[in-house]
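Just follow the structure's listing: the first ligand is 1, and inside any ligand the first atom is 1. Model, not experiment: these values are computed from the prediction.
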Amino acid sequence: MSVHSHIKKVTTHVLSEMKMRNEKIAMLTAYDYSTARILDSAGIDVILVGDSASNVMAGHESTLPITLDQMIYHGTSVVRAVNRALVIVDMPFGTYQGNSKEALASAIKIMKETSADAVKLEGGSEVIESVNRILSAGIPVMGHLGLTPQSIHKFGTYAVRATKKEESDKLIEDAKLLEEAGCFGIVLEKIPAELAAVVAKEVKIPVIGIGAGGGVDGQVLVVHDMLGITQEFSPRFLRRYHNLFSEITGAVKNYIEDVKSFDFPNEKEQY
Ligand code: KIV
């Protein structure tokens, strides 16, 4: 029995019940222990250890460079902090696309080494063999359709996806395929709100949107973006709840000034 057994843990079944009750699901990314602790104690339903760590933690231009071991490092840090939220770890680029046996090995490594609750991977029909094999090992899988950042070199831009019929038809088919395979949920990124609402109606599993409007079952944002730590990234869908960049800058400037002016530490701040 867990020492935290008095807390009702969010499971994939809880998310499914939330969809049935029309209760919205709140999801945010986290990559480290301290942030995950704050999000979990604030009552977030789902924490995604996103491969956006590649951008916001490591400073890469894309999500492609992050490795399986780096994702596992972030995943273990987050899981150690969390009592209630469901924790999902992104499968990084190159660990599931080519070969479903390798995909399963990657997913098992993530689950064994992080103790996370589930994995997420990008794509529909192209990766369905991997999805099936991972699911057959009893590992919960979340899909991710629409703007899939691991395919940025194929798309060429981070513009809105599925605005044309051919791509929107494929997206609906892919969502159904992921549901039939047994995925417990799907992230839809940066697609027209109307299309996202259609998908959320057509599938019974929870659909979580980012830049996909309000007609879906829940929302996800990158925590650095919604807290205003990142400055340069400002898409229309992003609501900033804070401007931590300027708050932290102010605090650091005050600290520098206090050190340089001999004000810090004072007598009470020493032994
Ligand atoms: O990596 C990530 O942060 C994500 C979200 C944008 C959904 O996949």
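For atom 4 (C) of ligand 1, the nearest non-hydrogen atom of the protein is Leu48 CD2, 3.5 Å. For atom 8 (O) of ligand 1, the nearest protein heavy atom (residue, atom name, distance) is Lys120 NZ, 2.9 Å. The nearest heavy-atom contact from the protein to atom 2 (C) of ligand 1 is Ser52 OG, 3.3 Å.
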Report the C-alpha distance between Ile128 and Val131 in whole Å, list the side-chain angles of each, state the deciding distance to 0.1 Å, and finish with yes or no for side chain to side chain contact (heavy atoms under 4.5 Å, CB included). CA-CA 5 Å; Ile128 202 67; Val131 169; 4.3 Å; yes

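For Asp90, a nitrogen or oxygen atom sits less than 3.5 Å from a nitrogen or oxygen atom of ligand 1, counting backbone and side chain alike. For ligand 1, the polar-atom distance check finds no N/O of Thr29 at less than 3.5 Å from any of the ligand's N/O atoms. Distances between N or O atoms of Tyr31 and those of ligand 1 include no value under 3.5 Å.
The shortest heavy-atom contact between Met91 and Ala107 is CE-N, 3.7 Å.
In this structure, Arg133 does not pair ionically with Glu102, as no charged nitrogen and carboxylate oxygen lie closer than 4.0 Å. At a threshold of 4.0 Å, the pair Lys204-Glu179 does not count as salt-bridged, since none of the basic side-chain nitrogens sits closer than that to a carboxylate oxygen. Using a cutoff of 4.0 Å between basic side-chain nitrogens and carboxylate oxygens, Lys164 and Glu166 are not scored as salt-bridged. The pair Asp51-Lys120 fails the salt-bridge criterion, with no side-chain N (NZ, NE, NH1 or NH2) lying under 4.0 Å from an Asp/Glu carboxylate O.
Near Gly50, meaning under 4.0 Å from any of its heavy atoms, are these atoms of ligand 1: 1 (O), 2 (C), 3 (O). Within ligand 1, the atoms closer than 4.0 Å to a non-hydrogen atom of His144 are 8 (O), numbered from 1 in the order shown. With ligand atoms numbered from 1 in the order given, ligand 1 contributes 1 (O) to contacts under 4.0 Å with heavy atoms of Asp51. Each of the atoms 3 (O) of ligand 1 lies under 4.0 Å from some heavy atom of Val222.
For the residue pair Tyr158 / Glu189, no side-chain donor-acceptor distance below 3.5 Å is found, with atom types taken as modelled. Residues Glu122 and Gln97 bring no donor and acceptor atom of their side chains to less than 3.5 Å of each other.
Using a non-hydrogen distance threshold of 4.0 Å, Met27 does not register as a contact of ligand 1.
Counting heavy atoms only, Ile210 comes closest to atom 6 (C) of ligand 1 of the residues Val223, Leu28, Ile210, Val220.
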